[in-house]
Q: 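Below is one structure. I have some questions about it.
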Amino acid sequence: MSDVERYDPLAIEGPIAQRWYDERTYSLRSDPDREPFYALTMFPYPSGDLHMGHAEIFSIHDALVRHKRMQGFDVLNPIGWDAFGLPAENAAKSRGADPRAWTYANIEEQLSTIVRLGYSFDWSTRLHTCDPEYYRWTQWIFLELLDAGLAYRREALVNWCPGCETVLANEQVIDGRCERSDDVVVRKPLTQWFARITDYADELLADLDTIDWPERVKLMQRNWIGRSEGAEITFKVAAGSSSTLPDTADEQADEVVVYTTRPDTIFGATYFVFAPEHPLVRERMAGDADYDAFLDAVSKRSEIERQSSSEDGGKRGVRLNFDLTNPFTGEAIPAYAADYVLMDYGTGAIMAVPVGDQRDFDFARQEGLEIRVIIRPTDEDGNLLDELDADTMTEAYTGPGVMVNSGEYDGLPYQDAKAAIIRDVEGKGWGSAKVNTRLRDWLVSRQRSWGPPVPVIHCPSCGEVGVPAEDLPVALPDDLDFSVSGSPLAMHPTWKHVPCPACGSEDAVRDTDTLDTFVDSSWYFLRFLSPNDDERPWPKDAADRWLPVDQYTGGVEHAILHLLYARFVTKALRDRGHLSADEPFQALLNQGQVILNGAGMSKSRGNLVAPVEVYGTYGADTLRATMLFASPPEDDIDWADVSPAGMHKWLSRVWRLTTEHLADPGEDGPDAEVAALRRETALAIAGASDDYEARKYNTAIAKMMTLTNAVMDAERKGVGGAPRREALETVLLLLAPIAPFITEELWRRLGNDGSVHAQRWPEADASLLVQDEVEMVVQVNGKVRGRIALPVGSTQDAIEAAATTDPNVAEHLEGVTVVKTIVVPDKLVNFVVRPA
RNA sequence: GCGGGCGUGGCGGAGUCGGCAGACGCGCGGCACUCAAAAUGCCGUGGGGGUAACCCCGGGUGGGUUCGAAUCCCACCGCCCGCACCA
């Protein structure tokens with residue numbers, strides 16, 4: 001044993017990695033005869049060196065990619081960096097670093113680790129979103145949206161993060177806090193750029209059914225879109241309302257539209273609620289001290305406080321100085337303003353039905369308002385249940401029922417009443433059916449400066465003018481002062497002053513906001529199709545060949561943000577004629593996290609395990625294989641539970657078995673043992689192939705381990721020569737996508753031509769998989785009492801006969817009566833007995 | 001509160017069209033090699049009983065369906081994730 005070379009991964013891996021990089025070994029062949037396969041992993045943000053999370057996702061992704069290549073696919077496997085964003089700017093602010101230099105230094109560091117770990121990206125596709133050659137086209141996409149009417153600027157109550165000094169999209173606010181900095185977000189009225197993602201809400205919802213994504217991600221998107229069907233109904237301000245205003249308000253102001261998903265409950269609307277900031281309320285309550293105090297209190301409260309007030313059930317509101325008329329009952333009902341109605345959903349006003357809505361119920365109880373029963377509960381089948389009692393009920397009733405106290409609708413099941421009332425509302429001109437979504441338009445502008453400038457010029461006479469395509473990119477100046485508070489770009493002394501492209505006015509200024517990083521990443525998978533093309537963002541025929549991405553891998557943290565935006569941008573670009581795909585990513589895999597002792601690894605916790613600690617000791621193959629063997633890709637990996645040392649031991653065994661075989665191939669050995677090993681080889685191929693298809697790399701590795709165990713077992717029984725070589729080569733082929741270095745090195749040492757990674761994926765010899773004899777289990781009353789060996793396809797009679805000859809089975813059949821015999825061919829036989 | 005998912009050895013996990021529970025590995029114990037250790041290899045390893053053949057128990061808990069349940073159904077317990085006043 002001492003005469004063969006030991007497995008020394010640190011010696012063999014580096015040179016191979018460097019060669020793959022230098023020779024661009026994995027650059028796309030783009031062979032039209034091969035079936036295309038677009039494999040994409042979420043491109044990294046260059047925050048520093050690669051961490052364990054990157055290593056895991058890349059290890060999963062690379063196993064998939066290398067397997068697909070061996071299967072003969074023309075694999076597009078690009079890599080780039082999501083290189084714009086706030087950390088670079090923060091580094092500039094806190095330590096005076098140049099954001100560009102900081103970013104590129106981090107990219108180089110990550111790149112060298114990626115190369116070292118043997119991930120087979122196509123380096124010719126490399127891009128960075130902060131390069132002018134890239135963001136030129138990000139700006140072009142914004143102008144496409146602008147031209148299509150899908151980008152617009154308006155004032156809105158938006159989320160402002162004081163820490164980041166910028167606005168945020170709704171999707172970036174988690175529990176009232178900034179998803180980046182964790183600062184409490186405040187609501188401010190500001191004029192901002194939005195993308196009209198709500199135009200695509202229905203399609204974004206419907207097309208979820210066409211893509212192969214984890215159900216929970218699809219569910220999260222469905223919930224986020226939040227589609228609901230209901231009606232908009234107009235309520236009039238009641239005549240004789242105690243308005244303190246002179247009766248000069250125009251007619252429009254005397255009507256209020258509400259959105260409701262339960263028009264059927266309108267006879268139970270006993271009061272009315274406006275959002276505190278509702279314009280009609282502002283107008284009619286102007287000068288009212290109580291209202292002003294209320295509005296002031298509400299606007300000062302953060303989202304967090306609003307939520308905590310909902311937890312204790314408290315809702316704050318004030319009675320307004322007018323009533324509204326319920327169009328169906330003709331009754332005047334009191335109007336309130338309350339913080340539980342939101343200005344930016346529906347119409348900012350609701351009809352309150354306390355009997356059927358928990359929030360309305362809570363508020364009614366709190367304010368002593370009438371709760372009117374207009375529904376008689378039923379079960380799912382329409383059978384009547386006990387009547388509700390407004391005085392004693394403790395919560396709203398939201399289940400099925402039939403209408404009562406609802407005029408001509410009495411007796412109708414609630415769904416029928418909903419349809420009938422919507423019909424009548426439309427007939428009488430009081431409103432119409434309406435679909436609403438929770439999804440709001442995507443706020444894309446940011447008051448930061450390490451991002452693509454919004455390519456718009458504001459002209460005093462022409463208004464908002466898109467920068468002409470030939471003037472792109474609108475480049476960032478090199479001399480931004482990041483030490484200022486606020487936006488460095490806006491503070492720059494000269495940059496924003498340009499003549500208007502339309503009229504030439506010298507008073508025009510550039511928009512000084514930048515586009516959010518999620519705009520950069522909403523289309524990068526398209527730029528990968530022709531990253532160096534300076535004529536166009538991508539060729540349409542390439543998009544049609546490669547899209548949608550066949551397999552996308554990445555973290556579930558992007559379940560809504562990035563994935564929703566990319567879907568929207570894809571659909572918008574499709575409608576502009578730039579591509580044909582309806583969806584960007586056909587299949588999605590969310591890998592689990594790498595954690596330590598049950599807690600996420602993070603710098604702040606101080607529990608980071610750096611990849612280099614593993615590959616610096618055991619090599620990249622061990623790091624990669626350890627991650628894949630630990631669990632299925634979707635599951636979290638607790639680094640405290642895994643054993644790189646154990647994986648290294650097995651890889652060393654593969655090395656030793658192969659090098660020992662080379663040193664002394666030996667003879668084939670006894671026929672029966674040769675047959676057994678060849679069968680194990682075929683089983684490993686069949687099993688591992690299925691596992692690769694199911695992306696269960698942990699069990700695929702287990703099958704390779706079983707085969708190496710079989711090789712050692714066979715060796716003890718005198719098997720060497722060709723059968724052993726075949727088994728060992730099989731291990732190398734099956735392992736190549738997971739541990740690319742050791743397999744490459746051993747494949748070469750075995751004297752084979754070419755790279756192991758250029759081989760065809762092995763196919764199992766089907767004739768070796770079929771057996772002519774099977775072991776069957778014999779049960780008595782469902783308990784295993786024996787095993788018998790029988791030819792495959794034995795008849796029931798033969799099986800029963802053989803089963804009863806087993807001594808232990810016979811013993812259990814003694815003194816009892818067999819009442820039934822269950823035979824599952826080639827699997828088991830079960831005698832059902834009872835005492836005689 | 002609403003929605004979704006998951007509970008299998010000391011550990012990671014296999015097995016889930018109902019049909020041999022615990023593949024594979026880690027850890028642990030024993031043995032071989034060695035002066036010794038490391039490395040490597042071999043044997044064992046869910047719990048209990050038995051010299052053994054074997055027997056009993058065992059899949060979060062409790063029920064149910066079935067010849068047969070980790071797998072299907074119901075209830076409960078625990079954990080994880082998402083959403084959270086969206087009318």
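Lettering follows sequence order; numbering is per chain, from 1. Hydrogens, waters and symmetry mates are skipped; everything else that's a heavy atom, side chains included, is used.
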Q: When the P atoms of C20(B) and G27(B) are compared, how many Å lie between them, rounded to an integer?
A: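 Pairwise P distance, G27(B) against C20(B), rounds to 30 Å.
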Q: What's the closest nucleotide to the Ser631(A) side chain, out of G13(B), C55(B), C26(B)?
A: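 My answer, after comparing the listed nucleotides, is G13(B).
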Q: Kindly determine whether Asp344(A) and Arg187(A) satisfy side-chain contact (heavy atoms from CB on, under 4.5 Å), including the steps that lead there.
A: CA-CA 12 Å; Asp344(A) 57 359; Arg187(A) 306 275 279 171; 3.0 Å; yes
Q: Is a side-chain donor or acceptor of Asn830(A) paired with a backbone partner of Gly782(A) at a separation under 3.5 angstrom?
A: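 Here the side-chain-to-backbone pair exists.
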Q: Is the glycosidic torsion of G9(B) within 90° of 0, making it syn, or is it anti?
A: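 Syn for G9(B); the angle stays within 90° of 0.
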Q: Using the P atom as the point on both nucleotides, what is the distance between G60(B) and A70(B), in whole Å?
A: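 To the nearest whole Å, 10 Å.
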Q: Give the minimum heavy-atom separation between Arg679(A) and Leu769(A), together with the two atoms involved.
A: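 Smallest heavy-atom distance, with atoms named: NH1-O, 3.0 Å.
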Q: Do the side chains of Ile211(A) and Leu208(A) get nearer than 4.5 Å, heavy atoms only?
A: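 Sidechains of Ile211(A) and Leu208(A): in contact.
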Q: If I take atom CZ in residue Phe629(A) and atom C1' in nucleotide G12(B), what distance separates them, rounded to the nearest angstrom?
A: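 For the pair Phe629(A) CZ and G12(B) C1', the rounded distance is 8 Å.
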Q: Could you tell me how far apart Leu683(A) (CG) and A23(B) (C1') are, to the nearest whole angstrom?
A: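 Distance check: Leu683(A) CG to A23(B) C1' gives 13 Å.
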Q: Given the C1' atoms of U8(B) and G47(B), what is the spacing between them in whole Å?
A: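 Comparing C1' positions in U8(B) and G47(B) gives a spacing of 14 Å.
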Q: Separation of Asn436(A) atom CG from A87(B) atom C1', in whole Å?
A: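 So the CG-C1' distance, Asn436(A) to A87(B), works out to 9 Å.
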Q: What is the distance, rounded to the nearest whole Å, between atom CZ of Phe363(A) and atom C1' of C85(B)?
A: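 The answer, rounded to whole Å, is 12 Å.
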Q: Would you kindly give the CZ-to-P distance between Phe274(A) and C85(B), to the nearest whole Å?
A: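 My rounded result for the distance is 21 Å.
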Q: Looking at Asn808(A), does any N or O in its side chain come under 4.0 Å of the phosphate oxygens OP1/OP2 on A53(B)?
A: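 No, outside the criterion.
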Q: Between C55(B), G12(B), A87(B), spot the one nearest the side chain of Thr260(A), thanks.
A: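 So the nucleotide nearest the side chain must be A87(B).
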Q: Describe, in one word, how the ring planes of Trp655(A) and Tyr7(A) are oriented to each other, choosing from parallel (under 30°), tilted (30 to 60°) and perpendicular (over 60°).
A: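 Answer is tilted, since the angle falls between 30° and 60°.
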Q: Could you check whether Arg262(A) pairs with Asp357(A) (Lys NZ or Arg NE/NH1/NH2 to Asp/Glu carboxylate O, under 4.0 Å)?
A: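 Salt bridge: no.
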Q: Might you work through the side-chain contact (heavy atoms from CB on, under 4.5 Å) test for Gln221(A) and Leu204(A), ending with a clear yes or no?
A: CA-CA 9 Å; Gln221(A) 292 216 349; Leu204(A) 288 168; 5.9 Å; no
Q: Do the ring planes of Phe272(A) and Phe274(A) sit parallel (below 30°), tilted (30 to 60°) or perpendicular (above 60°)?
A: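 If you compare the ring of Phe272(A) with that of Phe274(A), the planes turn out tilted.
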Q: Here's a test of your reading of the structure: between Asp691(A) and Met712(A), which maps to the more 5' nucleotide of RNA chain B?
A: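 The residue mapped nearer the 5' terminus is Asp691(A).
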Q: When you get a sec, tell me which of G25(B), C55(B), G41(B) is the closest nucleotide to the side chain of His812(A)?
A: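 From the listed options, C55(B) comes nearest.
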Q: Under 4.0 Å between a side-chain N/O of Tyr259(A) and OP1 or OP2 of A87(B), yes or no?
A: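 Tyr259(A) to A87(B) OP1/OP2: no side-chain N or O under 4.0 Å.
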Q: Which nucleotide, A87(B), C55(B), C20(B), lies nearest any side-chain atom of Asp357(A)?
A: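 The answer is A87(B), which lies nearest to the side chain.
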Q: With a 4.0 Å cut-off, would you call Arg624(A) and Asp621(A) a salt bridge?
A: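 So Arg624(A) does not pair with Asp621(A) through a salt bridge.
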Q: Heavy atoms from C-beta onward define the side chain here; which of C24(B), G13(B), A87(B) lies closest to that of Ile350(A)?
A: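 Nearest to the side chain of Ile350(A) among the choices is A87(B).
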Q: Look at the side chain of Arg785(A) and decide which nucleotide, out of A21(B), G25(B), C55(B), has an atom nearest to it.
A: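 Nearest listed nucleotide: C55(B).
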Q: Could you tell me whether the side chains of Tyr259(A) and Ser228(A) share a donor-acceptor contact shorter than 3.5 Å?
A: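 A donor-acceptor contact under 3.5 Å links the two side chains.
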Q: Using whole Å, report how far NZ of Lys418(A) lies from P of A87(B).
A: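 Those two atoms, NZ and P, are 10 Å apart.
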Q: It should be established whether Arg656(A) places a side-chain nitrogen or oxygen under 4.0 Å from OP1 or OP2 of nucleotide A39(B).
A: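 No, no such contact exists.
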Q: Polar pairs (N or O, both sides) under 3.5 Å between protein and nucleotides 65-67 of chain B?
A:
residue : atom : partner   : partner atom : Å
C67(B)  : O2   : Asn830(A) : ND2          : 2.5

Q: Both distances under 3.5 Å, Watson-Crick or G-U wobble: report the partner of G44(B), or none.
A: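 Check on G44(B): paired to C28(B), both distances under 3.5 Å.
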Q: Determine, for nucleotides 1-11 of chain B in 5'-to-3' order, which nucleotides have protein heavy atoms under 4.0 Å from the base (write B), from only the sugar-phosphate (write S), or from neither (write -).
A: --SS------S
Q: State which of A87(B), A14(B), G25(B) makes the closest approach to the side chain of Asn709(A).
A: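 Taking heavy atoms from C-beta onward, the closest nucleotide is G25(B).
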Q: Could you please name the option among G41(B), G19(B), C85(B) that lies closest to any side-chain atom of Lys827(A)?
A: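 Looking only at heavy atoms from C-beta outward on Lys827(A), the closest nucleotide is G19(B).
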Q: Is it the case that Asp441(A) and Thr198(A) place a side-chain donor and acceptor less than 3.5 Å from each other?
A: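 A donor-acceptor contact under 3.5 Å links the two side chains.
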Q: Quantified in whole Å, what is the P atom distance between nucleotide U40(B) and nucleotide G63(B)?
A: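 Here U40(B) and G63(B) have their P atoms 49 Å from each other.
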Q: Which listed nucleotide (C20(B), A14(B), G41(B)) is nearest to the side chain of Val777(A)?
A: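 The closest nucleotide is C20(B).
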Q: Rounding to an integer number of angstrom, what distance separates G58(B) and C42(B) when you compare their C1' atoms?
A: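 The answer is 30 Å between these two C1' atoms.
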Q: Distance check needed: A87(B) C1' versus Asp339(A) CG, whole Å only.
A: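 Distance, rounded to whole Å: 14 Å.
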Q: Determine whether Phe267(A) and Asn326(A) satisfy the following criterion, side-chain contact (heavy atoms from CB on, under 4.5 Å), listing intermediate values before the conclusion.
A: CA-CA 8 Å; Phe267(A) 283 82; Asn326(A) 182 328; 5.9 Å; no
Q: Take Lys783(A) and Ala702(A), find for each the nucleotide of RNA chain B with the closest heavy atom, and name the residue whose nucleotide sits nearer the 5' end.
A: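 Of the two residues, Ala702(A) wins.
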Q: Between C24(B), A87(B), G19(B), which one does the side chain of Val824(A) approach most closely?
A: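 Side chain of Val824(A) sits closest to G19(B).
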Q: Establish, with yes or no, whether the OP1 or OP2 oxygen of C42(B) is under 4.0 angstrom from a side-chain nitrogen or oxygen of Arg716(A).
A: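 Yes, Arg716(A) has a side-chain N/O under 4.0 Å of OP1/OP2 on C42(B).
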Q: Provide, to the nearest angstrom, the distance between the CG atom belonging to Asn170(A) and the C1' atom belonging to C83(B).
A: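 In whole Å, C83(B) C1' and Asn170(A) CG are 14 Å from each other.
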